[in-house]
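Working notes, structure below.
First the proteins, then the strands, lettered A, B, ... as listed; each starts at 1. The structure displayed is predicted, hence computed values, not measured ones.
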Number of protein chains: 2
Amino acid sequence: MSIETTGLREAKKRETRQLISDQATRLFMTQGFESTTIAEIATAARVATKTVTNYFPRKEDMAFDHQDAFVASLAETVSARPAGESVLGALRRTFEAGVAAQDPVIGFAGPDFSRMIHESPTLSACLRTLHDRREEALAAALAEATGSSPDDITARTTAALLAAVHRVMFRRIQELTLAGRTNDEIAAVVADEAADAFGLLEPALGHYAVG
Amino acid sequence: MSIETTGLREAKKRETRQLISDQATRLFMTQGFESTTIAEIATAARVATKTVTNYFPRKEDMAFDHQDAFVASLAETVSARPAGESVLGALRRTFEAGVAAQDPVIGFAGPDFSRMIHESPTLSACLRTLHDRREEALAAALAEATGSSPDDITARTTAALLAAVHRVMFRRIQELTLAGRTNDEIAAVVADEAADAFGLLEPALGHYAVG
DNA sequence: GCTAAGTTTACCTCCAACGTAAATTTCTCC
DNA sequence: GGAGAAATTTACGTTGGAGGTAAACTTAGC
């Protein structure tokens with residue numbers, strides 16, 4: 001009698017999905033994304049190729065498993081910020097915490113994973129899409145926070161500026177990872193650079209959406 | 001005796017390339033990008049399918065013909081700005097000129113073309129890549145203008161912020177185009193919104209890289 | 001247990017992407 | 001102006017991702 005008794009069927013589904021994703025990521029990291037076929041992944045996971053494409057309509061989705069968490073991260077930071085804190089302050093604080101925790105969500109993905117993305121045009125394009133969806137989600141959260149309409153141009157512009165800082169720093173962490181730096185070294189460098197970047201926006205956005 | 005007598009061969013190559021691109025764009029706009037096959041394009045252009053893929057390794061390249069001009073646009077604005085003008089001022093001035101001229105490079109692509117991109121995930125991803133390459137080119141130009149190293153993080157952050165404004169306004173123009181507004185109406189709306197957006201960055205970047 | 005529902009599988013088509021070699025066109029030099 | 005050289009276009013074949021369908025199998029609920 002398991003606690004989360006959502007049924008054997010659903011449990012197996014989750015396991016199969018995770019198994020496929022894990023095998024796929026492993027193969028992508030060792031032999032590259034483009035040169036791994038879905039048939040290989042299916043063999044490694046001991047399922048049919050159609051099962052693979054049932055779980056993951058697009059091949060690249062197997063590499064990015066926690067995309068929803070990534071996309072929602074900035075919007076959630078804004079929604080959950082304490083009263084009196086500006087949006088800029090909240091995003092800055094969350095980024096600093098991410099640096100301290102060396103969080104994969106802000107770019108600490110490890111050398112193998114970073115190389116996998118860097119060497120694949122498909123995965124790079126996919127990551128761009130995720131950054132973009134994250135910006136859109138942030139814009140929606142800003143519109144919500146300021147009580148403006150969901151497609152308010154000020155919210156969208158502000159979201160673009162704030163997300164830009166996170167995106168640049170994400171790439172910076174990736175780049176330093178690929179250059180062989182340790183996470184601790186990267187954290188030290190990035191903490192300073194992020195302080196500059198967020199500081200740059202302070203005069204423009206410091207008083208925007210103070211909750 | 002033609003003036004630019006670079007040979008019949010090269011002239012025919014240019015013509016064939018243009019013919020394929022034109023037929024492809026026409027088909028993409030009328031029946032959608034994904035539901036147009038390369039074989040159809042080849043038939044319309046009266047060439048072999050292999051000739052199509054010789055000229056355009058990727059199907060999506062047929063839709064974006066002047067990508068290099070787009071990618072270089074912001075960097076060139078910066079490089080060519082007069083002495084005493086800030087980078088922000090130059091990019092703002094060029095955008096305003098683009099609005100006045102209803103320039104396709106800043107987003108005035110027309111309803112058919114805009115719809116074609118909007119309805120195709122592949123083309124949307126491709127456009128994102130172009131925005132990204134444009135930002136990278138801008139970062140390089142900023143590094144050049146400030147005499148810093150090509151991967152200077154301040155230049156990259158600044159480029160991200162400036163390119164973000166252009167990107168948001170590009171999408172805004174696309175969006176209004178899809179909503180059925182005329183170019184004149186769009187120009188009027190966007191001129192005001194761009195003034196706000198660039199104004200927002202004035203305190204942060206107004207004194208950056210005054211040439 | 002038995003039946004209904006959901007999951008996995010084998011088999012299928014389509015098409016983009018890529019390689020190779022042959023045929024055709026253009027260029028160059030005599 | 002014609003012959004050989006070079007480049008382009010073409011036909012043909014292969015691979016692999018994406019998507020559909022229906023049958024076999026597994027789980028859930030009665």
Set of residues satisfying side-chain contact (heavy atoms from CB on, under 4.5 Å) with respect to A/E76, sequence neighbours excluded
A/A72
Taking only residues two or more places apart in sequence, or in another chain, which ones meet B/Q67 in a side-chain contact (heavy atoms from CB on, under 4.5 Å)?
B/D61, B/F64, B/L130, B/R133
Output every pair passing ring pair (Phe, Tyr, Trp, His ring centres under 6.0 Å) with a member in residues 28-55 of chain A, not counting sequence neighbours, ordered by first then second residue.
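Those involving residues 28-55 of chain A are A/F28-A/F33.
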Mind jotting down which residue pairs meet the ring pair (Phe, Tyr, Trp, His ring centres under 6.0 Å) criterion with at least one end in residues 130-170 of chain B? Sequence neighbours excluded, please.
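Listed by first then second residue: B/F70-B/H131, B/F70-B/F170, B/F95-B/H166, B/H131-B/F170, B/H166-B/F198.
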Cationic N near anionic O, under 4.0 Å, A/E34 to A/K59
no
State plainly whether the residues A/D132 and A/R167 are in salt-bridge range, i.e. N to O under 4.0 Å.
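No.
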Which parts of nucleotides 25-30 of chain D does protein reach within less than 4.0 Å, heavy atoms only, written one letter per nucleotide 5' to 3' as B for base, S for sugar-phosphate only and - for none?
-BBS--
Under the criterion side-chain hydrogen bond (donor to acceptor under 3.5 Å, both in side chains), I'd like the reasoning laid out for B/T36 against B/Q31: C-alpha separation, chi angles, the key distance, then a yes or no.
CA-CA 7 Å; B/T36 301; B/Q31 54 186 28; 3.2 Å; yes
With sequence neighbours left out, write down each residue that passes salt bridge (Lys or Arg N to Asp or Glu O under 4.0 Å) with [X], or none if nothing qualifies.
X      : value
A/E175 : A/R172, B/R156
A/R9   : none
A/D112 : A/R115

Is [X] atom [atom1] crowded by more than 12 heavy atoms from other residues, nucleotides or ligands, each under 6.0 Å away?
X      : atom1 : value
B/R181 : CZ    : no
B/E144 : CD    : no
B/E96  : CD    : yes

Donor + acceptor pair across side chains of A/S149, A/D151 (<3.5 Å)
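Yes, because at least one side-chain N or O of A/S149 sits under 3.5 Å from a partner of the opposite role on A/D151.
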Quiz question: by atom type and distance under 3.5 Å, do the side chains of A/R26 and A/Q23 form a donor-acceptor pair?
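Yes - a donor-acceptor pair under 3.5 Å links their side chains.
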Taking CG from B/L19 and P from D/dT9, how many angstroms apart are they, rounded to a whole number?
11 Å
Any residue in [range] with a heavy atom nearer than 4.0 angstrom to DNA chain D? Just list them by number, or reply none.
range                       : value
residues 51-63 of chain B   : B/T51, B/N54, B/Y55
residues 22-46 of chain B   : none
residues 118-132 of chain A : none

Of all nucleotides in DNA chain C with an atom under 4.0 Å from a non-hydrogen atom of chain A, which is the first and which the last going 5' to 3'?
C/dA5 to C/dA10
